[in-house]
Amino acid sequence: MEKKENIILTGDRPTGKLHLGHFTGSLRRRVELQNSGRFDGINILIADDQALTDNAKNPQKIRDNMIEVALDYLSVGIDPDISTICVQSQIPALHAMTFYFMNMVTTERLSRNPTIKNEITLRGFDKPGSEGIPAGFFTYPVSQTADITAFKANCVPVGEDQEPMIEQAREIVRRFNMTYGEVLVEPEIMLPDNRAAMRLPGIDGKAKMSKSLGNAIYLADDKETLEKKVKSMYTDPKHLRKDDPGHLEGNCVFTYLDAFATDDDFMDFWPDYQNLDELKDHYTRGGLGDMDCKKFLIKVLNRVLDPVRERRHEWEKRIPDVYDILKEGTQKAVSITNDTLHQMQEKMRINYFDDDSIINDWESFIAR
Ligand code: TRP
């Protein structure tokens, strides 16, 4: 049997700068996977078309964030010599595939997608007085299926919220292959490991770090901004005096330490404790101030972000190169995805102009 290739496809909507939530949720993981050498192809898609599905009136916002997101990728350590960074809207096969996939799914099935349901409410599309749900938004899981399958990706490293999208993609692939013949690869989700699986809260303690809530720490934040944000972080409102016992639940400082602090960080920055468990013990016993913990967190985060800042600083001087990386990555993606589209059209027997066999087909058709 032919050896199956091991291919990754993942992506982001370019609607804002990437923040620490993206870092723990996906970026850190991508760099590890990239550097593992286990993959034959790694593709990272800037999903600007998907971003348009709920930003149709504001394409400028997406344009503004195109280079920004590319810079975020490069500064966390995505290596364009290994990973292909590409721009969704400039890859025509994705649009054609989406159109065929629309026939492989029902509107009833689409309306059961829990992530979409949730997002419809979040965006107020179901509020009285709203214009309603844009069809492009409603069907973006179908377009996302095209993103994944066009690259024949078998592995999609994303967060839990994307699980319904991958399940939808698997169903469409199965149906397509059954209807027209085996050609597409059924993708599998690769969920983050324990440490990353937790969703990073905002610095205000709200469940999700997000640009719209104004509670994010950006990868591009400088040291002063980071320090200010950490110092203002939500901790334990009942921990009024240092000697009071502190609570860990909902305490952002500890959630962030869970996500980032290593035993080495303790050795280097706070040798009074060997590890986070010891620190937590002291905090819950009482006698440990929030500000001390915050100062430690600042050091921990700077250790993570310093190399990111350094790389960003270098890439910012080379924006024309960043542009070329996007352009060349996209060209490569166009060629890969055109191949897949062509194989699909062959299976569907709508590849009319590959040869002129349709002429003979017609002759035997009328002779029947
Ligand atoms: N829906 C993803 C998000 O909002 C972005 C995305 C678009 C994506 N196409 C993809 C993720 C394909 C994985 C695979 O984060």
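Read the numbers this way: they start at 1 and go in the same order the structure lists the ligands and their atoms. Numbers here are sequence positions counted from 1. Quick note: numbers below take in every heavy atom, side chains included, and nothing from hydrogens, waters or symmetry partners.
Ion pairing between D268 and R303 holds under the 4.0 Å rule for side-chain N and carboxylate O. A salt bridge does not link R318 with D324: none of the charged nitrogens is closer than 4.0 Å to a carboxylate oxygen. Checked for salt-bridge contact, K211 and E68 miss the test: no charged N lies under 4.0 Å from a carboxylate O. Salt-bridge formation is detected for the pair D306/R309: a Lys NZ or Arg NE/NH1/NH2 atom is positioned less than 4.0 Å from an Asp or Glu carboxylate oxygen.
Of the protein's non-hydrogen atoms, D147 OD2, 2.8 Å is the one closest to atom 9 (N) of ligand 1. At the shortest separation from atom 4 (O) of ligand 1 among protein heavy atoms lies R13 NE, 3.5 Å. Protein heavy atom in closest approach to atom 8 (C) of ligand 1: Q144 NE2, 3.5 Å.
Polar contact check, Q50 against ligand 1: a nitrogen or oxygen pair lies under 3.5 Å apart. Note: no N/O pair closer than 3.5 Å links D12 and ligand 1 by distance alone.
Annotation for ligand 1: atoms under 4.0 Å from non-hydrogen atoms of L9 are 12 (C), 14 (C). Atoms of ligand 1 lying under 4.0 Å from at least one heavy atom of A47, given by number and element, are 7 (C).
Counting heavy atoms under 4.0 Å from ligand 1, residue Q162 touches it through the side chain alone.
Neither side chain, S335 nor N338, offers a donor N or O lying under 3.5 Å from an acceptor on the other.
Between the OG atom in S36 and the CD1 atom in I82 there is a gap of 9.5 Å [rounded to 0.5 Å].
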